[in-house]
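Written below as structure tokens is the structure these notes are about.
Below, chains carry the letters A, B, ... as their sequence lines are ordered, and counting in each starts from 1.
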Number of protein chains: 2
Amino acid sequence: MRLSSRGEYGVRAMIHLALNYHQGFIPLSSIASAEDISQQYLEQIFASLRRSGLILSNRGVKGGYTLALPPQSIYVGDIIRVLDGPITPVGCVSDEGDEDDSRCGKSNSCLARNLWLKLRDHINQLLDSITLQDMLNWKQ
Amino acid sequence: MRLSSRGEYGVRAMIHLALNYHQGFIPLSSIASAEDISQQYLEQIFASLRRSGLILSNRGVKGGYTLALPPQSIYVGDIIRVLDGPITPVGCVSDEGDEDDSRCGKSNSCLARNLWLKLRDHINQLLDSITLQDMLNWKQ
DNA sequence: GAAAATCCAGAGTATTTTAGTATGCTTTAG
DNA sequence: CTAAAGCATACTAAAATACTCTGGATTTTC
């Protein structure tokens, strides 16, 4: 039950953008160095975030990235699902839509399946209840 | 956020043992074939479960495995932590004991860290609230 | 309009983890 | 004694992960 580094880095970078919301576009290089993340790796991560519409970009000198929405409208669940794919504790509960097409067909696996579904939904519920702004407010 | 096959298989096998509680010792071969899991792989999994005290074994003919406690006293959290290691969404929240020795030392990472802690605890809470018996009762 | 700063894209690679096999030994009932 | 079972450890193949590399495209500034 571990997040990928993409998810971890992505959340940290998004917090960085949230802290600098209203400061205009922030160059990726400054985020990468502040968060100690490889710049090229972070570029890949930001490409996913941009394509999914969570951030906006400007090219050229004075370019950079900024949140597409205010921090109170961006949920960590969205960030993590974009970067790590849907929360799927085991293969047979792949996604919300096709809940019943990928059964393992085995004897007691249905009993276990209920657990995986609960686990999946439980994790999603938490991640979909926390916004970037919530995290900023945790600052002691 | 995916469970390992060890965790998945282990939970399924423990459900199998729970269903056959009071039937005495069940040979691993029958569990492996019923659940369609490689016998040798399942042996490794059961070795961990036995060393952790969740199951008991008998050797020789008529040997096999059985739950060390009744199904209502075994929590899925225990099974999964034995087989997958402690729930650790990211490295810096490695375990309950040493919460503050493995900080990343980076600027905003503490804000993210609160999230990882919440996530870790949230998952553990769910898994520690469900027993094998609970899962048997889900049988429709 | 050249140069520099920035984003953008896709291929390639090295490491680690995972999931499983292989081999062989030990114990016990009958 | 033999067959059925558990026990232990080493090995390996495949997949996923976490990056790096290379080269471009856009935009501001001088």
Query raised in the report: Which class fits the ring pair B:Y9 and B:Y41: parallel under 30°, tilted 30 to 60°, perpendicular over 60°?
Result: perpendicular
Query raised in the report: What is the minimum heavy-atom distance between B:L69 and B:Y21, and which atoms define it?
Result: C-OH, 3.7 Å
**Report entry** Per-nucleotide protein contact string for nucleotides 23-30 of chain D (B base, S sugar-phosphate only, - none; heavy atom under 4.0 Å)
**Finding:** -BBBBBS-
Requested in this report: Report yes if at least one side-chain N or O of A:S4 is closer than 4.0 Å to OP1 or OP2 of D:dA16; otherwise report no.
Outcome: no
Requested in this report: Could you check how far CZ of B:F25 sits from P of C:dA29, rounded to whole Å?
Outcome: 11 Å
Query raised in the report: Is the shortest heavy-atom distance from the side chain of B:V11 to the side chain of B:M135 under 4.5 Å?
Result: yes
Query - Integer-rounded Å distance: C:dC8 C1' and A:L42 CG - result: 14 Å
Side-chain donor/acceptor pairs under 3.5 Å, residues 47-64 of chain A, sequence neighbours excluded:
from, atom 1, to, atom 2, distance (Å)
A:S48, OG, A:R6, NH2, 2.9
A:S52, OG, A:S48, O, 3.4
A:S52, OG, A:L49, O, 2.9

Query raised in the report: Between C:dA5 and A:S29, is there an OP1 or OP2 to side-chain N/O distance shorter than 4.0 Å?
Result: no
Requested in this report: Might you point out which heavy atoms bring A:L127 and A:V76 nearest each other, and give the distance in Å?
Outcome: O-CG2, 3.3 Å
Query - Close side-chain approach of A:R12 and A:E8, heavy atoms under 4.5 Å - result: yes
Report summary line: Assign each of A:Q44 and B:Q44 the nucleotide of DNA chain D bearing its closest heavy atom; nearer the 5' end lies the nucleotide of B:Q44
Report task. Provide, to the nearest angstrom, the distance between the CZ atom belonging to A:R2 and the C1' atom belonging to D:dA16. Result -> 15 Å
Query - Contact check, side chains of A:L132 and A:I79, non-hydrogen atoms, under 4.5 Å - result: yes
**Report entry** Distance, rounded to the nearest Å, where B:I37 contributes CD1 and C:dT21 contributes C1'
**Finding:** 16 Å
Query raised in the report: CE of A:M1 versus P of C:dT18: gap in Å, rounded?
Result: 13 Å
**Report entry** Separation of atom CZ in A:R6 from atom P in D:dT17, rounded to whole Å
**Finding:** 10 Å
Report task. Return the nearest nucleotide to the side chain of A:Y65; candidates are C:dT6, C:dC8, C:dT21. Result -> C:dC8
Requested in this report: Using a heavy-atom cut-off of under 4.0 Å over every strand shown, decide if A:F46 touches base, sugar-phosphate, or nothing.
Outcome: nothing
Requested in this report: Only pairs at least two apart or in different chains count here, so list each side-chain hydrogen bond (donor to acceptor under 3.5 Å, both in side chains) that has a residue in residues 63-84 of chain A.
Outcome: A:S4-A:D84, A:D78-A:R81, A:R81-A:N124, A:R81-A:D128
Query raised in the report: Atom OH of B:Y41 and atom P of D:dC7: how far apart are they, to the nearest Å?
Result: 18 Å
Query raised in the report: Counting side-chain heavy atoms from C-beta on, which of D:dA8, D:dC19, C:dT6 comes nearest to B:R50?
Result: D:dA8
Query raised in the report: Rounded to whole angstrom units, what separation is found between the CG atom of A:L49 and the P atom of C:dC7?
Result: 13 Å
**Report entry** Nucleotide nearest A:Y9 when distance is taken to its side chain, options C:dG20, D:dC19, D:dT20
**Finding:** D:dC19
Report task. Would you indicate, yes or no, if C:dA19 has its OP1 or OP2 atom less than 4.0 angstrom from a side-chain nitrogen or oxygen of B:S38? Result -> no
Query raised in the report: Phosphate oxygens OP1/OP2 of D:dA18: is one of them under 4.0 Å from a side-chain N or O of A:S5?
Result: yes
Query - Side-chain-base donor-acceptor pair under 3.5 Å for A:Q39 and C:dT6 - result: no
